[in-house]
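Below: one structure, written as structure tokens.
Read the numbers this way: they start at 1 and go in the same order the structure lists the ligands and their atoms. Residue numbers run from 1 in the order of the sequence given.
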Amino acid sequence: MASRSLEQLSSVISRNATALSRELEARNISSPTVRDIYAPNLSEIDSAAATELANAARELQALVQSPSQQLNLLAFAYYDVISVGILLEFSIPELVPLEGAISLSELAEKVGLLEDKLARIMRYAITNFVFSEPEPNYIAHTPLSAALVRDPQFATYLRLSLVDLAPVAVALPQALRKWPMTESVTECAVNAAFDTNDSFFEWLSRDAARQARFDQGMAGFSRGDGTAAGRSSNVDIAAYPWGTTLPSDAVVVDVGGGSGHVSKALAEAFPSFKITVQDRPEVIEAIDTPSPSNVAYKIHNFRDPQPILGADVYLLRQVIHDWPDKEAVEILRALIPALKPGSRVLVSEYVVPDPSELSRPGQLLEAKMIREMDLQMMAILNAKERTRDEFASLFAAADPRLRFNAAYQVPEDRKVCILEAIWDP
Ligand SMILES: C[S@@+](CC[C@H](N)C(=O)[O-])C[C@H]1O[C@@H](n2cnc3c(N)ncnc32)[C@H](O)[C@@H]1O
């Protein structure tokens, strides 16, 4: 893990803050504060400097606070989660005007909560820069709270994580105690949290609103407009050489494609591709938004043999990470009867870098994000995020003729990796 001295950190901060200010000056943009809801995204102005600054600031905090101060902050971090979860549960971001401020009493009336409780929750969220109190008892937006209004799909993804899945994370110690040596998809934190024998996707579909939040949330997580912090589907389009590797009328199957948001982006970029999105009945039957004419939707359980024979591409995006190795290999194997020589299996996932790479100075927040996602997978399905070698082993275990060919990444978002295996009988 990174370890720099006070002097080293202060020089990193000073150097990068100066670079960022100069870039703002050059573009004639005034320097924003954490309250300015029309602030430019500093990561877009100078991504390298912004990343260095954020990592150094985090490390500086760890250096200057005592262990007990830091551990106390960690011990209550679930209120970071819960406070924003409550804001979303009660649609509070939409009730606060983007311009100006609203009194706590008026907000409490609109929300339907006791003013005293609402004020305490808001004031906690404010400590995380979510809303501000520009004058006593008045609430105004900050960039973080405004993002919850401006990007409703992203807010849906956050609500799923902060409200629906928060009890799952909290139940992980209990699940590990109950089932210490298991990789079963029905012996994980979801089962401990909700006392159910359902696996995660079965549990999701027991409640149509929760299922809808998941499907919209996956789309929100993948939005390409730069407001969400997830995995933009535009980057998937940019990362793989779709246009040069495949025929112009390529047949693409988006296996476990959810509500089809990635396929829609692919169909718009390549209008002569013929794309089919496959998913569970609960997902496919709920799709009610228009799609490009070259996208079709079909119910298919990806544990069953693949019914679309001889496609050019079978895309599995954020599917394999949901499953332990045994099930992941079975999902890949179910494709094999359909493959023609040269068919490509594209697995689009986070790829966990080597621990030595993640422990370099300046990588702390990226390491944290990947590790968070990894623990989330452990909690919901005893699944995991994998290294490149682990993906290669899955392809080999599915069938040695499924030859791992290459991994594609784009510099703009190192989190997106498309692993390509080619059927080479
Ligand atoms: C994490 S989501 C990924 C969705 C989409 N590919 C994306 O990248 O946003 C996993 C998807 O797998 C689907 N899924 C889970 N079990 C399935 C099954 N047995 N057959 C088909 N799809 C399944 C889920 O419904 C969900 O849409």
Just distances here: any N/O of [X] and N/O of ligand 1 closer than 3.5 Å?
X: Gln211; value: no
X: Phe302; value: yes
X: Arg303; value: no
X: Arg280; value: yes
X: Gly257; value: no

Margin query: Whether the side chain of Asn55 engages the backbone of Leu365 through a donor-acceptor N/O pair (distance < 3.5 Å, no angle test) should be reported.
Written below: yes
Should you measure from each heavy atom of [X], which atoms of ligand 1 turn up under 4.0 Å away?
X: Val283; value: 25 (O)
X: Gly258; value: 27 (O)
X: Asn301; value: 18 (C), 19 (N), 20 (N)

Next item on the list: Do me a favour and list the nearest non-hydrogen protein atom to atom 27 (O) of ligand 1 with residue, atom name and distance?
Entry: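 So the nearest neighbour among protein heavy atoms is Asp279 OD2, 2.7 Å.
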Notebook entry, point to check: When you measure from atom 8 (O) of ligand 1 to every protein heavy atom, which one gives the shortest distance, and what is it?
Noted result: Arg317 NH1, 2.6 Å
Checklist line | Whether Gln278 lies under 4.0 Å from ligand 1, heavy atom | finding: no
Notebook entry, point to check: What do you reckon, does His300 put a non-hydrogen atom under 4.0 Å from ligand 1?
Noted result: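 So His300 counts as touching ligand 1.
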